[in-house]
Each structure stands twice: as structure tokens, then as C-alpha cells.
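Comments concern the structure below.
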Amino acid sequence: MASNTLAGVEFAAPGIAARMKEFDRIVVVRAAGERASGDPREEAKEETLRRHFREDRAVEVNGARGSVHVRRHGDSARAEFLRAPSGSG
């Protein structure tokens with residue numbers, strides 16, 4: 001499925017959320033003021049960031065907004081994901 005990602009292919013919404021939970025830090029770059037478009041994949045990203053991460057810092061340059069999100073203190077989603085048996089999810 002084509003997307004605006006650098007790789008050009010994006011997982012389905014559940015796969016996106018699961019993959020994001022593997023990391024302790026996520027960098028988001030988008031047009032300033034842009035929000036989830038109603039696309040289930042974009043909504044999965046927003047929900048995962050909201051539930052498991054907090055914005056650490058952000059900057060706006062030339063109409064683009066870059067932000068760094070770090071795992072919320074005490075969030076165990078990563079540990080649970082890494083302990084899950086292979087093929088579950």
C-alpha cells in the first residue's frame with residue numbers, strides 16, 4: 001500500500017501501532033498544523049503516541065513541524081510487546 005513514507009509502503013493500522021511500541025523514541029515530521037486525516041493508519045499513529053509517548057520537544061521550520069516523542073515513564077507496552085510469543089498479533 002503506497003503512502004507518503006520514505007519507504008513508500010506502510011503497514012495496516014494494527015501493525016503500525018505494534019511496531020511503534022517497539023521503540024522508546026519516535027520522531028514525527030509533518031506540515032505544521034496537520035492532524036490525522038481520518039485514515040485508520042494515521043489514527044493508529046496518533047492514538048499510539050497519545051497513549052504510550054509524550055512529546056519531549058518540537059520545532060517548526062519553513063512550514064514543517066518536527067517533534068520528538070519519548071515513552072511515558074512507567075509505560076510497559078514495549079516490554080509486553082517484546083515478551084509476546086512470535087506470531088501473536
Side-chain angles (χ1 to χ4, degrees):
M1 174 173 327
S3 73
N4 291 326
T5 64
L6 293 175
V9 177
E10 201 166 59
F11 290 113
I16 291 170
R19 182 79 170 120
M20 288 173 72
K21 291 175 189 177
E22 291 182 38
F23 299 93
D24 292 324
R25 184 178 319 149
I26 295 179
V27 176
V28 177
V29 179
R30 60 173 55 143
E34 183 180 309
R35 303 306 299 163
S37 64
D39 179 320
R41 294 169 300 182
E42 294 301 317
E43 291 175 0
K45 294 173 194 174
E46 291 283 339
E47 176 67 14
T48 303
L49 286 173
R50 194 170 29 258
R51 291 183 65 197
H52 301 285
F53 296 83
R54 67 175 174 76
E55 187 175 279
D56 185 52
R57 63 189 77 147
V59 63
E60 286 191 28
V61 178
N62 296 331
R65 184 173 195 276
S67 54
V68 176
H69 299 259
V70 296
R71 182 163 304 284
R72 290 186 182 279
H73 180 71
D75 185 88
S76 61
R78 181 172 191 241
E80 290 170 13
F81 178 80
L82 294 176
R83 280 195 305 265
S86 179
S88 68

Could you tell me which non-hydrogen atom of Ala32 sits nearest to which non-hydrogen atom of Glu60, and how far apart they are?
CB-OE1, 3.6 Å
Please tell me if the side chains of [X] and [Y] come closer than 4.5 Å, counting only heavy atoms from C-beta onward.
X     : Y     : result
His52 : Arg72 : no
His69 : Val28 : yes
Glu10 : Lys45 : yes

State which residues pass side chain to side chain contact (heavy atoms under 4.5 Å, CB included) with [X]; sequence neighbours excluded, sorted by chain then number.
X     : answer
Ala13 : Pro40, Ala44
Val61 : Val59
Arg57 : Val68
Ala58 : Glu55, Arg65, Ser67

Would you give the length of the straight line joining atom [atom1] of [X] to atom [atom2] of [Y], rounded to the nearest 0.5 angstrom?
X     : Y     : atom1 : atom2 : value
Ile26 : Met20 : CD1   : CE    : 3.5 Å
Leu49 : Arg71 : CG    : CZ    : 10.5 Å
Arg25 : Phe53 : CZ    : CZ    : 11.0 Å

Quick one: side chain to side chain donor-acceptor pair (under 3.5 Å) partners of Arg50, sequence neighbours excluded?
Glu47
